[in-house]
Amino acid sequence: MLPPYIEIQSIYGASMIPNTRFTELLTDIEPSKTTKSDSSDAHVKIRSSLKTDPNWAANWEGSFLAGSYARDTAIRPKRVGDEYERADVDIILETNFTESDDPTSVLNLLAKAARNQDYEVERINRRSIRVVTNKAEIDLVPVFKTWDAYKITDREIDGWTPTNPPAHTSWSGEQNSNFNGRFKPLVKLFKWWRRENRSGLRPKGFVLEVLVARHAPKAETHYGECFAQMLENIVASYGDMADYRSKALAGRSWYARQ
């Protein structure tokens with residue numbers, strides 16, 4: 001759903017919305033300088049604190065940013081009333097843990113270290129802990145390095161699972177080159193569209209990036225036309241599956257009521 005100021009210009013019927021209106025929208029949904037500065041301050045401070053914390057220093061190997069801020073595909077936080085929510089920032093914590101270490105114990109130890117540094121631990125997730133600061137909400141993700149990538153804690157499987165955030169970041173940059181700089185703006189438009197259209201199941205950020213890479217026409221330079229074609233291609237590829245899932249969910253709901 002486009003905001004109200006993007007309107008069809010012709011009184012005689014639908015016409016192409018100027019591309020400049022989409023570039024204006026992209027400027028509007030970009031995280032502000034304040035949001036970016038706050039996010040930077042927050043992640044630099046907590047990484048420095050954990051590096052020297054008595055509960056975590058012995059396990060410390062390094063850290064780096066991941067997620068949408070690392071890949072430059074973040075959009076501005078939601079506005080609630082007169083204020084904006086805090087930005088979401090993902091930090092990968094490289095550790096010296098091994099496959100034999102219990103992932104739940106590792107996450108509990110990380111939560112203890114964060115609390116020891118006076119951070120509010122909102123919750124312990126499946127693969128991370130969520131820390132809330134006055135400038136950002138931060139997911140701290142412990143990993144250990146393998147010969148070609150990383151392994152990440154996973155409480156659901158009671159073990160460690162492969163991951164490679166730096167490869168995701170590199171891939172995103174390569175896609176942006178393939179799209180002549182339009183890939184990341186298209187991802188931001190997709191994220192905004194998802195935020196404005198909240199019905200149904202909604203894929204997370206990196207899945208949206210993969211969908212853009214697979215289904216957006218690389219040669220189309222008009223953002224609106226490119227976005228429309230992308231949605232049509234997604235429906236053509238997955239519409240039957242989505243329809244089947246919606247019918248299956250409706251069937252479950254019907255049987256639950258009987």
Side-chain angles (χ1 to χ4, degrees), residues 2-3 6 16-33 35-40 43-44 47 62-77 87-92 94 136 138-139 141 143 145-152 161-197 202-238:
L2 298 173
I6 294 184
M16 182 74 77
I17 299 172
N19 203 34
T20 53
R21 306 306 296 274
F22 290 93
T23 56
E24 289 169 3
L25 173 59
L26 283 163
T27 299
D28 184 52
I29 65 178
E30 183 74 12
S32 68
K33 290 182 179 179
T35 296
K36 292 179 179 178
S37 176
D38 285 348
S39 300
S40 178
H43 80 73
V44 168
R47 289 160 73 180
S63 66
F64 56 88
L65 279 180
S68 60
Y69 272 89
R71 298 193 296 271
D72 189 27
T73 58
I75 59 175
R76 63 174 167 82
D88 285 325
V89 179
D90 298 322
I91 300 175
I92 303 296
E94 295 183 84
I138 301 172
D139 284 319
V141 188
V143 304
K145 194 165 178 53
T146 63
W147 69 274
D148 64 339
Y150 298 86
K151 285 202 170 181
I152 185 174
T161 191
T163 188
N164 200 341
H168 296 166
T169 301
S170 296
W171 174 86
S172 186
E174 291 168 4
Q175 295 305 314
N176 202 47
S177 296
N178 293 340
F179 279 77
N180 291 319
R182 293 187 296 275
F183 173 77
K184 293 182 180 182
L186 282 168
V187 171
K188 292 177 182 182
L189 288 174
F190 206 1
K191 287 185 174 182
W192 188 262
W193 179 87
R194 179 190 60 176
R195 180 183 291 180
E196 293 294 314
N197 294 272
R202 298 178 298 131
K204 292 188 176 181
F206 189 68
V207 175
L208 295 184
E209 293 188 29
V210 173
L211 290 172
V212 172
R214 288 184 176 180
H215 300 291
K218 293 182 175 63
E220 177 57 62
T221 60
H222 188 285
Y223 282 118
E225 181 62 25
C226 186
F227 192 81
Q229 289 184 32
M230 179 189 71
L231 292 182
E232 289 174 355
N233 292 337
I234 290 172
V235 171
S237 297
Y238 312 112

Pairing residues for [X] by the side chain to side chain donor-acceptor pair (under 3.5 Å) criterion, not counting sequence neighbours:
{"X": "Ser32", "value": "Thr35"}
{"X": "Lys36", "value": "Glu30"}
{"X": "Thr146", "value": "Asp148"}

**Request:** Could you check Asn19 against Thr221 for side chain to side chain contact (heavy atoms under 4.5 Å, CB included), going step by step and ending with a plain yes or no?
**Result:** CA-CA 9 Å; Asn19 203 34; Thr221 60; 5.7 Å; no
Looking only at heavy atoms, what is the nearest atom pair of [X] and [Y], with distance?
{"X": "Asp90", "Y": "Gly67", "answer": "OD2-CA, 3.5 Å"}
{"X": "Ser68", "Y": "Lys191", "answer": "CB-NZ, 3.3 Å"}
{"X": "Tyr223", "Y": "Gly181", "answer": "OH-O, 4.4 Å"}
{"X": "Pro165", "Y": "Ile92", "answer": "CG-CD1, 3.9 Å"}
{"X": "Val89", "Y": "Tyr69", "answer": "CG2-CD1, 4.5 Å"}
{"X": "Ala213", "Y": "Trp171", "answer": "CB-CZ2, 3.6 Å"}

**Item:** Residues Lys188, Asp72: salt bridge by 4.0 Å N-O rule
**Value:** yes
Any side-chain heavy-atom pair of [X] and [Y] under 4.5 Å:
{"X": "Pro162", "Y": "Asn164", "value": "no"}
{"X": "Arg214", "Y": "Ser237", "value": "no"}
{"X": "Val143", "Y": "Lys151", "value": "no"}
{"X": "Arg76", "Y": "Trp192", "value": "yes"}
{"X": "Asn178", "Y": "Phe183", "value": "no"}
{"X": "Phe190", "Y": "Ile75", "value": "no"}
{"X": "Glu220", "Y": "Gln229", "value": "yes"}
{"X": "Arg47", "Y": "Leu65", "value": "yes"}

Using atom types as modelled and distance alone, determine if a side-chain donor or acceptor of [X] lies under 3.5 Å from a backbone N or O of [Y].
{"X": "Ser170", "Y": "Ala167", "result": "no"}
{"X": "Lys184", "Y": "Arg71", "result": "yes"}
{"X": "His222", "Y": "Ile17", "result": "yes"}

Spatial distance of atom [atom1] ([X]) from atom [atom2] ([Y]) [nearest 0.5 Å]:
{"X": "Phe206", "Y": "Leu211", "atom1": "CZ", "atom2": "CG", "result": "10.5 Å"}
{"X": "Leu186", "Y": "Thr73", "atom1": "CG", "atom2": "OG1", "result": "12.0 Å"}
{"X": "Arg194", "Y": "Leu189", "atom1": "CZ", "atom2": "CG", "result": "13.0 Å"}

**Request:** Evaluate the ring planes of Tyr150 and Phe64, with Trp represented by its six-membered ring, and classify them as parallel (under 30°), tilted (30 to 60°) or perpendicular (over 60°).
**Result:** tilted
**Prompt:** Is the number of heavy atoms from other residues, nucleotides or ligands under 6.0 Å of Arg195 CZ greater than 12?
**Reply:** yes
**Prompt:** Are Arg182 and Cys226 close enough, and set up right, to give a side chain to side chain contact (heavy atoms under 4.5 Å, CB included), and what steps lead you there?
**Reply:** CA-CA 10 Å; Arg182 293 187 296 275; Cys226 186; 6.0 Å; no
**Request:** Please assess Phe227 against Trp193 for the test side chain to side chain contact (heavy atoms under 4.5 Å, CB included), listing each intermediate value before the final yes or no.
**Result:** CA-CA 10 Å; Phe227 192 81; Trp193 179 87; 3.6 Å; yes
